[in-house]
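Let me begin by presenting the structure, written as structure tokens, before commenting on it.
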Amino acid sequence: MPKADINKAGWEQSEFPILCETCLGPNPFIRMSKQEFGRSCGTCARPFTVFRWNPGSGARYKTTVICQTCAKVKNVCQTCLLDLEYGLPTQVRDTALAIQNEAPTSDINREYYAQNMENKMEDGNKSLMQVGTRATSAGKEMLKQLARTNPYYKRNRPHICSFFVKGECNRGDECPFRHEKPVENELSHQNIQDRYHGNNDPVARKIMANHSEAQGLKPPEDENITSLFLSSLPASASELSIRTYVINSLPQIPSSQLRSVVHIAKSRCAFINFKDRDSAERAAEAWANGLDMDDERVHVKWGRSKGPSKSATPTAGPSAVPTSA
């Protein structure tokens, strides 16, 4: 950290970036350019040392977009903002490990938070992701199934040529950009803040939705169903303990979105009723591999209304039955 100029206090200097294997590229003789305080961090807005390089033949030039302090706090790559261990978006990792996002989003608070985290790491304390969490075996199993272990260099391709899209590019094969028609979908609307903080990341939602469907938790067509059915509960489970486990395992869903918990002790099962469909779907995605309670694996299924009509409003408790697996 620069000491000579008090106005630069808190600015970051570094000698090498924190990158994943994909962003670094396959070229073992890579050359990088370094610019001290070249731009402000995309999350904490503090100036930091920017690195720029070409990962390999046919790839676009890449650059670091967040500072090393923010990258260490979340254990992510400075360029793609994906988790360094699993290669997944932070929203997927935090959902599986039930990690609460503590980083503020306002301009003043996020800079203050980053400075405090930097001082803690300088004092020898471990970063946020190195501190022991309440990760369950189901969450770890989910991450192992979703982990991207091999580099995906296709992600380093050049961007689409905007002039080609408008039919005005005259550079032909010499154009360094891709000559393709862009695909307009939800994945084309991404930003640094959502990716870093794990809020409404379309890539993460798609990964978790596909995984939950593969585990037999495809959302039912009836949009009125907002209940999940838990079976094989521990014998010591109570309504209060179930509610506590549910809230702790879903830190990204406000506890106010939980409508009720109906526990049937005799059958060792329970119905978790949410106030809206989106919360129920996010819970199903988080519990795709089950829910651990008292070292026992609890099975999760979607509830459904008992009546013959699909449009009938589902009734909480024993009148709702789980969907077939």
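Numbers here are sequence positions counted from 1. These numbers come from a predicted model, not from an experiment.
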Legend entry - Carboxylate-amine/guanidinium contact R205 D278, below 4.0 Å: yes
Inset, instruction - For E36 and T49, indicate whether the former's side chain and the latter's backbone hold a donor-acceptor pair under 3.5 Å. - result: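 Checked: no pair found.
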Legend entry - Distance in Å, R148 CZ paired with L82 CG, rounded so as to fall on 0.5 Å steps: 6.5 Å
Inset, instruction - Any chance you could measure L291, atom CG, to S232, atom OG, to the nearest 0.5 Å? - result: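 Answer rounded to 0.5 Å: 11.5 Å.
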Name all residues meeting the salt bridge (Lys or Arg N to Asp or Glu O under 4.0 Å) criterion together with [X]; count only those two or more places apart in sequence or in a different chain, and write none if there are none.
X	value
E174	none
R39	none
E21	none

Inset, instruction - Verify the cluster assignment for L88 and I18: are they in a single hydrophobic cluster under the rule of side-chain heavy atoms below 4.5 Å apart? - result: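 Different hydrophobic clusters.
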Legend entry - side-chain hydrogen bond (donor to acceptor under 3.5 Å, both in side chains) assessment of D173 paired with H179: CA-CA 9 Å; D173 295 337; H179 283 188; over 6 Å; no
Legend entry - Member of K144, R297, H211, K140 meeting the side-chain hydrogen bond (donor to acceptor under 3.5 Å, both in side chains) criterion with N289: H211
Legend entry - Side-chain donor-acceptor pair present, Q252, T95, cut-off under 3.5 Å: yes
Inset, instruction - Tell me yes or no: between the side chains of Q91 and D201, is some donor less than 3.5 Å from an acceptor? - result: no
Legend entry - Contacts of S33 that satisfy side chain to side chain contact (heavy atoms under 4.5 Å, CB included) - sequence neighbours left out: R52
Legend entry - Residues that S40 engages under side chain to side chain contact (heavy atoms under 4.5 Å, CB included), provided they are two or more places apart: none
Legend entry - Residue N191 excluded, over 12 heavy atoms near CG under 6.0 Å: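 Buried by this count: over 12 neighbours within 6.0 Å.
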Would you name the heavy atoms of [X] and [Y] that are closest together and state the gap between them?
X	Y	value
I30	L24	CD1-O, 3.3 Å
P158	R60	CA-CB, 3.7 Å
M208	M142	CG-CE, 4.2 Å
A288	S212	CB-CA, 3.9 Å

Legend entry - Inter- and intrachain pairs under ring-ring contact (aromatic ring centres under 6.0 Å, His included), touching residues 48-88, at least two apart: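 Of all non-adjacent pairs touching residues 48-88, none passes ring-ring contact (aromatic ring centres under 6.0 Å, His included).
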Legend entry - Ring-face cation of K166 near F163 (centre distance under 6.0 Å, axis angle within 45°): yes
Legend entry - Heavy-atom check, side chain of L81 versus side chain of T90, under 4.5 Å: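 Answer no - side chains too far apart.
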